[in-house]
A.B. asks: 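Sharing a structure here in structure tokens format.
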Amino acid sequence: MVMPELPTKTGSQYDLIISGAGPAGCMAALALRESGLKVCLIDKATFPRDKVCGDAIPGRAVKALFSLHPEFEARFNVFKPKLSTRKTALHYKNRDISFDWVGAAYTSARIDFDNFLFELTQEFAKTEIHTDCHITSVQKENEGFSLATKHGQTFTCKMLIGADGAHSVIAKQLATRTIDRLNHVGSVRAYYANIQGLDPNTTEVFFDKRYLPSYMWVFPLPGNTANVGFGMLSDTIVKRKVNLKKVFYEFIEETPLLKHRLANATQTSALEGFGLPLGATDVTISGTRYLLTGDAASLIDPISGDGIGNAMLSGKLAAEQAIRCFESNDFSAEFIKEYDRLLFSRIGSELKTHYYARRILAGAPMLLDAVFRAAGNPLLKKLIQKGL
Ligand SMILES: Cc1cc2nc3c(=O)[nH]c(=O)nc-3n(C[C@H](O)[C@H](O)[C@H](O)COP(=O)(O)OP(=O)(O)OC[C@H]3O[C@@H](n4cnc5c(N)ncnc54)[C@H](O)[C@@H]3O)c2cc1C
């Protein structure tokens, strides 16, 4: 794309700053690579960095990446530390059902996958990158923002993409975001080696009627390892004073199939926790001169917990909106709202449906029995799979 000559400033002044180099931030930087804008990508971590996650990489994530350039698809195809997952098996009350997935999906430890995206960004995006650079505050100025960091640096920009995750400083300070415990999940995960009967192409989910609609996941990873995790609505955690780490081990101990399969497995990492801001369509995700993406915009699927796909899609759409803003020299909230419209036209109804499905299942756990019964019928099984 040919861009009009754009005024840029020198030093630590930019046209656009992206806060956070996770999937949303890297995707935005990659989508801006030919914009001609002076872009800066800032992350508090140094890479490779880990992120507590289930490590399931949804098809939407790779589709968004491939849509930018065929070379990115070629690079992903030769990226080794991943498995291709084709099936999900659900286990409940000694019954199992499984669904075959039509589209591509993968698992890859986030330390590897995020580093893959980060290196791609270093190579292809004409972006200045600052790591080990913790943004502590954002200040509105006449024609943009000024960002302050822990180490006393100041960065200024005309436009800002907030991609700094679930605890986003940008979302808190510009969109006055707080945690909505009724739409937020607290989760823990650990890595295990040598789980019995692990199929490298199947992600597994275990339910227990005491914790519905929560579940434990076992997602296979390369080298006969797996990511094992459990999450619960934050409101329930607080109200019932749940110790999530304790429940994690109790869940394994009290689920005969899991206990049996993990009997000779080794836990190879600490059990670590992190929050999931579930997707909603009524939160502020943009305003004058700024856009929020990924977890900073609360875009995680309320049923599957997948957030990487929506993070990458939103990163791409935010970058495209930013380009339109510079082309039209219009940074108004009204103009930027086009981003909200385009994003929610893609994922809004899915987020809403899954939000209500989660609430219904929480209120009527017996529905899961019905799902397992219905899955015996091939036609109904197809419908369930479509709904998921
Ligand atoms: C336990 C758990 C399991 C999950 N399982 C899955 C799954 O299996 N599949 C799936 O698709 N999704 C899953 N998710 C959700 C997924 O992890 C997120 O949706 C995804 O990481 C969002 O990407 P992001 O780029 O928005 O944020 P992040 O990946 O969190 O990246 C944000 C980046 O911003 C940086 N940053 C943060 N604050 C600052 C600051 N102040 N200054 C500078 N930099 C900053 C961070 O260092 C980080 O690199 C899971 C989440 C959890 C917690």
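Residue numbers run from 1 in the order of the sequence given. Scope of the values below: all heavy atoms of this structure, side chains included, with no hydrogens, waters or symmetry mates. Both counts, for ligands and for their atoms, begin at 1 and track the order of listing.
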A.B. asks: Report yes or no: is the cationic atom of K82 (NZ for Lys, CZ for Arg) under 6.0 Å from the centre of the six-membered ring of F76, at an angle within 45° of the ring normal?
C.D. replies: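 Verdict for F76: a cation-pi partner in K82.
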A.B. asks: Are E141 and R289 ion-paired here, with the side-chain N under 4.0 Å from a carboxylate O?
C.D. replies: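 A salt bridge is absent here (no side-chain N lies under 4.0 Å from a carboxylate O).
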A.B. asks: So does P222 get a backbone contact from the side chain of T225, meaning a donor-acceptor N/O pair under 3.5 Å?
C.D. replies: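 At least one qualifying donor-acceptor pair exists.
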A.B. asks: Between F326 and F331, is the gap from one ring center to the other below 6.0 Å?
C.D. replies: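 When the ring centroids of F326 and F331 are compared, they turn out to be within the sub-6.0 Å range.
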A.B. asks: Put together the list of close N/O pairs, under 3.5 Å, between ligand 1 and the protein, could you?
C.D. replies:
unit_1: ligand 1; atom_1: 5 (N); unit_2: G54; atom_2: N; d: 2.7
unit_1: ligand 1; atom_1: 8 (O); unit_2: D55; atom_2: N; d: 3.4
unit_1: ligand 1; atom_1: 8 (O); unit_2: A56; atom_2: N; d: 3.1
unit_1: ligand 1; atom_1: 9 (N); unit_2: A56; atom_2: O; d: 2.7
unit_1: ligand 1; atom_1: 9 (N); unit_2: D306; atom_2: OD1; d: 3.4
unit_1: ligand 1; atom_1: 11 (O); unit_2: A56; atom_2: O; d: 3.4
unit_1: ligand 1; atom_1: 11 (O); unit_2: G307; atom_2: N; d: 3.0
unit_1: ligand 1; atom_1: 11 (O); unit_2: I308; atom_2: N; d: 3.0
unit_1: ligand 1; atom_1: 12 (N); unit_2: G305; atom_2: O; d: 3.3
unit_1: ligand 1; atom_1: 12 (N); unit_2: G307; atom_2: N; d: 2.9
unit_1: ligand 1; atom_1: 14 (N); unit_2: G305; atom_2: O; d: 3.3
unit_1: ligand 1; atom_1: 17 (O); unit_2: K51; atom_2: NZ; d: 3.4
unit_1: ligand 1; atom_1: 17 (O); unit_2: R110; atom_2: NH1; d: 3.0
unit_1: ligand 1; atom_1: 19 (O); unit_2: D295; atom_2: OD1; d: 2.7
unit_1: ligand 1; atom_1: 19 (O); unit_2: D295; atom_2: OD2; d: 3.4
unit_1: ligand 1; atom_1: 21 (O); unit_2: R110; atom_2: NH1; d: 3.0
unit_1: ligand 1; atom_1: 21 (O); unit_2: R110; atom_2: NH2; d: 2.9
unit_1: ligand 1; atom_1: 25 (O); unit_2: P23; atom_2: N; d: 3.2
unit_1: ligand 1; atom_1: 25 (O); unit_2: A24; atom_2: N; d: 3.0
unit_1: ligand 1; atom_1: 26 (O); unit_2: D295; atom_2: N; d: 2.9
unit_1: ligand 1; atom_1: 29 (O); unit_2: R110; atom_2: NH2; d: 3.0
unit_1: ligand 1; atom_1: 41 (N); unit_2: I135; atom_2: O; d: 2.9
unit_1: ligand 1; atom_1: 42 (N); unit_2: I135; atom_2: N; d: 3.0
unit_1: ligand 1; atom_1: 44 (N); unit_2: K44; atom_2: N; d: 3.0
unit_1: ligand 1; atom_1: 47 (O); unit_2: D43; atom_2: OD1; d: 2.7
unit_1: ligand 1; atom_1: 49 (O); unit_2: D43; atom_2: OD1; d: 3.3
unit_1: ligand 1; atom_1: 49 (O); unit_2: D43; atom_2: OD2; d: 2.6
unit_1: ligand 1; atom_1: 49 (O); unit_2: R49; atom_2: NE; d: 2.8
unit_1: ligand 1; atom_1: 49 (O); unit_2: R49; atom_2: NH2; d: 3.1

A.B. asks: Taking salt bridge (Lys or Arg N to Asp or Glu O under 4.0 Å) as the test, write out the residues that go with K259, two or more places apart.
C.D. replies: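 Applying salt bridge (Lys or Arg N to Asp or Glu O under 4.0 Å) to K259 gives E253.
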A.B. asks: Using modelled atom types only, decide if a donor and an acceptor are shared between the side chain of R33 and the backbone of L30 within a distance under 3.5 Å.
C.D. replies: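 Looks like yes, one N/O pair under 3.5 Å.
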